[in-house]
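Throughout, numbering of the chain's residues begins at 1 and tracks the sequence. In listed order, ligands and their atoms are each counted from 1.
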Amino acid sequence: MRLFLDTANLEEIREINRWGVLSGITTNPTLVSKENDDPEALWKEILAEVEGDVSLETTEPEADPMYKQGLHLAQMGPNAVVKVPMTPDGLEAGKRLVAEGIRINVTLVFSPAQAILAAEIGAYIVSPFLGRIDDVASDGMYALRQICEIYDIQGYDTNVLAASLRHPMHVVESAIAGADIATMPYDVFVKLVKHPLTDVGLQKFAQDWQALQRNLKGGA
Ligand code: E4P
C-alpha cells in the first residue's frame, strides 16, 4: 500500500519525505486555502518536491469549465493527477480528461455505488472518505472493504485510495482491506512511527551505553 500525505504544507511534506516512505500527496481546496498562498505557485512547489503523484483538485462546478481547468492542472507537472468530484459534471469532465490520457482522482466518494461509477469512467484513483463516513454514524471501513472486493471481482484497474483517515488503525485496517493507497494528515503520519516501547527501549540502550563508557574510563 502506497502512503500519501494529505496536505499542502511544504514543511510537512519535506519532513515526511526525508523518511523515504512518501509515495505521493493529496491536496484539496480546504488544505490549499490553509496555506494562504498563491495556489498555482504552491502546487508547482509541491509537484517539484515529491517524485510521486500529486492530486490537484478542480474547483469549477460545471463539466466544461471543469474539463478545461483539469487540462490546465494536468500540464503543471508529469506527476500531476487531476481531482474531479463525484457528481454528474465531475464524471463527464473526468471521462473527457481520461480520453486525453490524463490521470484522474475521483474524490468525495462515500459509497460502493459511487466507486463503481469512478471505475467505469477509467479513473486512475477513487477516493472513499472513511472518516467522514464515520462522522455520520456509518461505517467507513466497511464501505472500503466492499469497494476493494468489488474492484477485485470486477477486475477494475482503478486504484483505491483510502482518504479522510483519522488515526493509525485506519491506516492498518485499510492495508488489510487491500487499499492501494492511504492518504493521511501529518499528525496521523507522525503517529505511525511512534510507539512508547520504542522510546523506553531507546532510553535504556542509551543509559546502558553511557554506563559502559563510564566504566571503561574508570577502569583505564
Ligand atoms: C483526500 O484526498 C482528502 O483531501 C482528505 O482525505 C479529506 O480528509 P478530511 O475528511 O480529514 O478533510
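- For Asp157, the CG atom is loosely surrounded, since the number of other residues' heavy atoms within 6.0 Å does not exceed 12.
- Looking at Ser164 next to ligand 1, an N or O pair under 3.5 Å apart turns up.
- Of the N and O atoms on the side chains of Glu173 and His170, not one donor lies less than 3.5 Å from an acceptor on the other residue.
- Under a 4.0 Å N-O distance rule, the pair Glu15/Arg18 qualifies as a salt bridge.
- Using a 4.0 Å heavy-atom cutoff, Asp6 is listed among the residues neighbouring ligand 1.
- Within the structure, ligand 1 has Lys83 among the residues with a heavy atom less than 4.0 angstrom away.
- Ile181 belongs to a hydrophobic cluster with Phe4, Val81, Tyr124, Ile125, Leu161, counting contacts under 4.5 Å between side-chain heavy atoms of Ile, Leu, Val, Met, Phe, Trp and Tyr, direct or through other members.
- Heavy-atom separations between Arg166 and ligand 1 include at least one value shorter than 4.0 Å.
- When only interatomic distances are considered, the shortest N/O to N/O separation between Asn28 and ligand 1 falls below 3.5 Å.
- Ionic pairing of Asp135 and Arg166 is present here: one or more N-O contacts between side-chain nitrogen and carboxylate oxygen are shorter than 4.0 angstrom.
- Residue contacts with ligand 1, taken as heavy atom pairs separated by less than 4.0 Å, do not involve Ser127 at all.
- With respect to atom 12 (O) of ligand 1, the closest heavy atom belonging to the protein is Arg132 NH2, 2.8 Å.
- Remark: Arg2 engages Asp53 in a salt bridge, criterion side-chain N to carboxylate O under 4.0 Å.
- Those atoms of ligand 1 with a heavy atom of Ala163 less than 4.0 angstrom away are 1 (C), 6 (O).
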